[in-house]
Structures are given as structure tokens and as C-alpha cells.
Amino acid sequence: MSNKSFYITTPIYYPSAKLHIGHAYCTTIADAVARYHRLAGDDVFFLTGSDEHGQKIQEKAEAAGIKPIEYTDKIVAEFQNLWKLLNISNDDFLRTTQPRHEKVVQEIFRRVYDKGDIYKGSYKGLYCTPCESFWTELQLDENGCCPDCGRPVKEVSEEAYFFKMSKYADRILKYIEENPDFIQPVSRRNEMINFIKQGLEDLCISRTSFDWGIPVPIDEKHVIYVWFDALTNYLTPIGFLDDPEKFKKFWPADIHLVGKEIVRFHSIIWPCILMALDLPLPKQIYGHGWLVVDGTKMSKSLGNVIDPIELIEKYGPDAIRYFLLREINLGQDGNFSELALVQRINSDLANDLGNLLHRTLNMVGKFQEGEVLAAKGSSEIDDSLIAEAMAAVKAFDDGMGTMKISDAIKAVWSFISRANKYIDETAPWTLAKDPDKKQELANVMYNLVEAMRIVSVLVSPFMPVTAGKIWQQLNLPEDFSEVRLDSVRKWGNTPVGIHIGKPEQLFPRIELAKEDVVQEPKKNTANKKNKSGDEADKNAGDNLITIDDFSKIKLQVVEITGVEPVPKADKLLKLTVDTGTEKRQVVSGIAQYYTADQLIGKKVILVMNLKPAKLRGVESQGMILAASKDDALEVVTVDMPIGSIVK
Ligand code: MSP
């Protein structure tokens with residue numbers, strides 16, 4: 001038992017609309033990680049909650065003719081119901097409207113103000129109400145709208161308090177550079193480094209144009225502007241003001257798990273606030289990818305929102321949890337499809353896992369009247385099963401400890417396949433016919449029950465209900481909630497002489513008719529990124545080019561000799577490349593994947609005869625090639641002299 005403390009958080013969700021399966025994704029990841037750490041013996045604190053202030057909520061409540069708190073009470077109750085249905089094991093649920101939080105936010109404001117890091121100024125800006133974000137002219141999209149959601153912005157000018165974030169820019173940059181694990185995955189880290197290098201402005205932290213917020217303690221006509229109120233939620237429930245022991249134990253947080261679009265707030269603004277408070281920084285900000293439908297982020301206006309409650313009612317919480325955790329690589333975007341979910345249920349859950357349990361229990365029942373007899377001696381096949389069990393425990397442990405959840409699940413499932421194969425290899429039904437093979441049969445039965453015991457422990461962070469059911473059917477004496485990972489680090493902890501329980505099906509196979517699909521995702525024909533290989537091949541047929549067409553494109557090896565950020569464009573970098581005969585300037589959308597150091601000296605392929613174009617006002621003379629899949633991207637590099645022709 002480790003007895004280490006472990007503090008993990010999800011973002012606090014806006015009660016502006018119903019939660020969809022994308023929100024459930026984030027909370028399920030955090031829950032699996034929290035459950036794993038409890039299993040490993042850590043003292044875990046897992047926090048989630050709701051972010052209830054701001055103009056948007058106030059406007060919605062007004063439109064509904066009710067008070068903002070009545071509005072958020074209702075939606076927050078729905079969140080809590082969803083987390084209950086999904087078996088989310090959070091230790092606390094923080095609402096930013098709770099008095100305990102209001103006290104913390106006001107105290108933090110006071111401390112930072114007394115330090116001289118908050119001042120009064122006036123704010124002029126273009127504000128997007130739905131995103132609660134200010135933008136500058138340059139940051140707007142091509143239609144002059146919010147670059148995040150594409151909706152119109154409005155000009156706002158008002159007296160406001162500002163947090164001196166610029167004062168901490170050098171310190172946070174140095175911290176990120178010196179602590180490679182602080183922001184994960186690495187693509188997010190690079191994006192943040194480039195963002196800070198463009199310069200940090202002071203942050204507007206109060207508003208006077210609405211009153212649904214926590215009052216500024218020194219100036220009651222202002223309310224504290226959302227991010228200053230929201231980020232500080234992580235300090236409230238762990239005793240920041242009222243329980244120094246608890247606070248010492250859980251702060252700094254081990255992981256703030258957040259979606260990729262809010263990594264910036266967590267890895268730049270939040271650390272600067274903590275620096276102003278002289279508090280240590282969280283150990284890690286992990287930015288997960290989005291759950292998308294046909295390559296598009298779920299949104300109410302696109303009509304592609306998938307309701308997790310309907311899915312849970314239809315397939316049960318564990319199948320949904322399993323799918324989300326197994327199917328998507330944590331740092332990358334992943335596609336949700338109900339058909340893929342059903343396939344996973346049928347193959348991994350009903351077939352692999354369900355059958356292994358069913359066969360094991362049936363045979364122990366039939367051949368040994370339900371009794372688990374002692375194993376004596378072992379064959380080579382037994383030894384290989386045992387070795388694979390121990391390897392699976394290790395791979396599970398490594399994967400979960402490093403947020404490679406999908407890899408951890410794959411390791412468990414490869415052991416499940418191994419155990420199913422073990423049944424075929426040992427053919428217990430043949431052993432049962434031979435009175436001389438009684439001990440051999442007892443060994444095989446013991447090993448299968450022991451394998452199932454280990455599997456039930458290993459699947460518990462992902463599928464807590466199923467894990468408990470397996471444990472119950474094996475009729476193991478220990479209280480399952482007390483079982484820890486240590487008990488499966490060694491083979492042979494199943495007690496001899498137990499009588500197994502009644503086999504019950506874990507996951508029935510699902511035959512899915514088209515009309516049964518909860519929501520057939522809308523086809524987004526504009527987005528070809530996620531087309532299957534077959535479909536892409538088919539379409540390619542209509543669009544074939546000749547060799548003459550191809551030869552019009554002049555591709556050549558160039559070396560990157562300079563890299564600079566493009567002001568006010570997080571995603572762009574201005575590269576200087578050496579073509580062998582001249583220097584050219586190329587603007588490339590790779591800022592989130594590379595830092596300057598990683599690019600300088602790389603030999604890449606440039607489209608030489610692309611018509612120059614301006615990106616965010618900066619001329620680009622050509623384009624460098626890159627390969628991308630899902631959320632990953634790499635520039636194409638070659639080991640050939642500068643000036644080589646690519647053909
Ligand atoms: N209230 C802020 C967070 C403040 S934390 C101090 C917020 N709320 S949110 O409700 O808009 O989003 C909460 C989280 O849900 C974000 O991490 C966001 O990335 C995540 N998701 C929203 N849609 C999602 C998907 N489609 N897929 C995965 N996660 C998604 O931002």
C-alpha cells in the first residue's frame with residue numbers, strides 16, 4: 001500500500017445546456033484514473049463541479065423568467081444525476097455558487113490585490129457572450145466573428161480590475177520549459193510555449209455590465225469575471241481556507257484533466273494566479289482531445305449532440321465507459337459512433353470477457369460441482385498463462401500510471417484472449433473424461449478462476465459494476481471494495497475450497513437494427529478528414545490526376561533556418577527556409593506541434609511554385625508538407641541535400 005495522496009480534477013462544467021457524451025468522456029477518464037489510484041492504495045481526492053456564474057447564464061435565466069440560481073439548480077441536479085448513472089466516484093462536487101467557494105474567491109482577490117498584482121483600469125474589447133471571451137480585431141475570423149464559435153462579437157468598454165499577468169510571463173515560460181511533464185501531451189506544451197512567447201497581456205478579472213457573479217470584495221459594483229472565479233475552484237474543497245492539514249495533503253494537485261481548448265487557461269492563467277499567491281503549481285495539466293461526430297465537435301446548433309442518458313439507458317453505464325476509454329487515445333480527438341459502440345460490446349464485452357467468465361463458471365460447476373480445488377504442480381501452458389497474467393498486471397499499472405488508458409485496457413484484453421485460448425489448449429472437457437487427469441483438471445479450473453479474479457480487479461477502474469458482478473459470481477470471500485492492486489501482483493490468491501456462484505450473463509449480444517440507433521450522426525460532407533479508406537478510394541476515382549498534372553507541382557528539399565511566432569495567431573509560425581539559392585518566408589499552421597528549437601535545422605519539403613498568399617497579414621511564399629492523422633501532425637522530413645527535387 002502506498003498511502004500517497006492523489007488529487008485529480010475535471011473542469012467545472014457550465015450549466016448552460018445539457019451535458020453531452022463529450023462531457024461524459026472527460027469525467028469518465030478522470031473517474032477511471034481516480035479509481036485506479038484508489039486501487040493502488042493512494043489516498044485519492046477526485047473533484048468535479050459546475051461553473052455557474054457569468055452573463056450567459058444570467059441571460060438564459062432572464063429569458064426563462066427565473067432567477068439565475070433557480071436556473072442553475074435545475075441543470076446542476078441533472079449533472080449530478082448523470083454522474084450517478086455513470087458511477088462517477090467524485091469525492092466532492094463544487095458549485096461556484098456555494099458560499100464556501102465565494103469566500104475563497106474573495107479572499108484570493110484580496111490577497112492578490114494587497115500584493116499589488118490587481119489594479120483598476122478600463123477595458124475595451126470585442127466580447128463573445130457565448131464563449132465569455134474577449135478578442136482583438138486581429139483574432140477574429142474571416143467574417144469578423146468569434147474565432148472559437150463563429151458567432152458575432154460585440155464591442156464592450158467598461159471600468160474593470162486587471163490581474164498583472166504580464167509580470168509572471170517570464171517565470172511561467174521558464175517553468176514550462178524546465179518541467180516537460182507539466183503540460184501533456186507534448187503538442188499542447190509546444191502550443192503554450194509559442195503562445196507565451198507572443199507576449200502575455202494583463203487579464204481582465206471583473207465586470208460591471210452584469211451582476212451574476214461573486215462581488216469584488218473591495219468594490220461591490222464589480223463582479224469577478226469568470227476564469228478568476230472558475231480556476232480557483234480547485235482550491236476550495238481541499239481546505240484552502242479552513243483545513244490546513246487537508247490542504248497540505250492534496251495541494252498541489254496531481255492532475256488537472258481538461259479539454260484541449262482550455263489548456264491555455266489552466267497552464268498559463270492559473271499558474272500565474274498561483275504564483276501571485278505564492279502557492280506551488282499543479283503537477284500536471286493534461287489536455288485531452290475532443291469526442292467528435294464525423295470529425296465535428298458536438299454542438300447543439302449542428303444537431304449532432306449525443307445524449308449520454310439515452311445511451312446509458314440503452315447499453316448500461318459500463319459499456320459506455322468501456323467504449324470511451326478503449327476507443328480513443330487520450331490526447332487525440334476520437335470519433336463517436338453508436339455502431340462502433342455496439343461492435344465493441346459484442347466483440348470485447350459479450351464475446352471475449354463474457355464468454356471467458358461463462359465458460360469458467362460452467363466448467364467448474366459441471367466438472368467439480370462448483371468447488372475450486374487446489375492446484376498442484378504446473379504444465380508449460382499453465383506457466384505461460386501465469387506469466388501473461390503478471391505481464392498484464394504490469395502493463396495495466398504502467399499504462400494507468402502514465403495516462404495511457406487505452407493501452408492499459410488493451411493489455412487486459414490481450415490477457416483475456418490468452419485465457420480463452422488456454423481453455424482451448426487444455427481442453428478441460430477431455431481431461432474430465434479421464435480419471436487419471438483429475439489433478440490436471442483441478443489445475444486448469446483453479447487457473448481459470450484465478451485469471452478471472454485478476455481480470456475483475458483490472459477492469460474495475462473502467463467498468464466498476466461489471467467488475468463487482470464477476471467478483472460476486474466467483475463468490476470470492478473478500479469484500480470487493482477492500483480489494484487492492486497488490487492482491488493481483490502475485491498469482492494464486494484465490495482461496496482453495498470456495499464454491500463458485502451462479503453464472504449470469506454479463507453482456508448480452510446486441511443485434512442492432514438501423515432504426516434502433518439512438519442518433520445516427522449527421523453526415524458532414526464538408527469534412528472529408530474522417531472518411532474511411534474505402535470511401536476515400538471510391539471518391540478518388542472521380543478525381544484522378546494525370547502525371548502531367550502532378551508534374552506541375554515543384555517540390556524541393558529546403559532547410560528551416562528561422563522560426564518566429566505570428567502575432568495574435570496561436571496556430572501559425574513564420575518560418576525562414578533556405579532553398580539553396582535563396583531565403584524564403586513561409587507561414588505554416590504547426591505552432592501547436594513544434595517549438596522553434598525542434599524545427600531549426602530540419603530538412604523539409606516545400607511546394608516551391610505555390611502562389612504566395614497572406615495568412616493573418618503575413619506573406620507565405622510556398623507551403624511545407626506535413627502528414628496528419630486525427631490530432632497528430634508531423635512535418636515531412638528527408639535526409640537529402642538542400643535543393644534536391646522531390647518527384
Ligand atoms: N467552465 C469551463 C471550465 C472551467 S474549469 C476551471 C468550461 N466548461 S464547459 O462545460 O464548456 O467544458 C467543460 C469541459 O468539457 C472542457 O474540458 C471541454 O473540453 C469538455 N468538452 C466539451 N465538449 C467536448 C467534447 N465534445 N469532447 C470532449 N470534451 C469536451 O470550459
Side-chain angles (χ1 to χ4, degrees), residues 8-30 47-57 60 72 75-76 78-79 82-83 88 93-97 101 104-105 108 128-133 148-149 188 205 213-214 224-237 253 255-271 273-274 282 285-302 304-308 320 323-325 327-337 521 630-631:
I8 182 165
T9 67
T10 72
I12 45 173
Y13 298 92
Y14 290 131
S16 41
K18 265 178 102 156
L19 292 187
H20 55 62
I21 190 78
H23 302 112
Y25 172 59
C26 181
T27 312
T28 302
I29 299 165
L47 177 69
T48 186
S50 50
D51 187 358
E52 301 182 28
H53 293 124
Q55 186 171 5
K56 189 164 55 172
I57 305 284
K60 286 204 173 201
T72 60
I75 298 189
V76 169
E78 287 173 12
F79 287 10
L82 171 61
W83 301 148
I88 300 301
F93 187 97
L94 184 285
R95 297 185 58 178
T96 52
T97 47
H101 180 64
V104 166
V105 175
I108 288 175
C128 171
T129 308
C131 296
E132 317 221 34
S133 298
D148 267 0
C149 72
R188 310 269 166 256
I205 56 165
I214 299 174
I224 293 173
Y225 172 59
V226 285
W227 281 99
F228 200 85
D229 165 0
L231 290 161
T232 44
N233 95 85
Y234 300 129
L235 300 180
T236 303
I255 301 181
H256 288 318
L257 180 71
V258 300
K260 61 181 181 181
E261 84 286 14
I262 57 171
V263 168
R264 180 151 60 93
F265 302 96
H266 284 78
S267 61
I268 302 176
I269 299 179
W270 181 220
I273 297 174
L274 289 165
I285 312 297
Y286 196 105
H288 65 74
W290 287 335
L291 203 59
V292 295
V293 176
D294 269 1
T296 312
K297 195 180 177 210
M298 262 168 261
S299 104
K300 219 169 143 194
S301 53
L302 288 174
N304 64 353
V305 170
I306 293 179
D307 180 357
I320 312 295
F323 177 81
L324 295 177
L325 297 168
E327 194 80 4
I328 297 148
N329 278 327
L330 199 51
Q332 296 172 8
D333 288 353
N335 212 48
F336 180 86
S337 124
D630 300 328
D631 208 24

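Values below: all heavy atoms of this structure, side chains included; hydrogens, waters and symmetry mates excluded. Whatever order the structure lists them in is the order used to number ligands and atoms, beginning at 1. Numbering starts at 1 and runs along the sequence shown.
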Asn233: which of Thr48, Leu47, Val105, Asp51 passes side chain to side chain contact (heavy atoms under 4.5 Å, CB included): Leu47

Check: His288 ring centre within less than 6.0 Å of Tyr25 ring centre: yes

Ring centre gap for His20 and Phe336 strictly below 6.0 Å: no

Side chain to side chain contact (heavy atoms under 4.5 Å, CB included) involving Pro271 - partner list, sequence neighbours excluded: Ile172, Phe182, Leu281

Note, Asp307 side chain near Val305 side chain (heavy atom, < 4.5 Å): no

Spacing of Ile262 atom CD1 and Ser267 atom OG [to the nearest 0.5 Å]: 10.5 Å

Ligand 1: protein residues within heavy-atom distance under 4.0 Å: Pro11, Ile12, Tyr13, Tyr14, His20, Gly22, His23, Tyr25, Asp51, Trp227, Ala230, Leu231, Asn233, Tyr234, Val258, Gly259, Glu261, Ile262, His266, His288, Gly289, Trp290, Leu291, Lys297

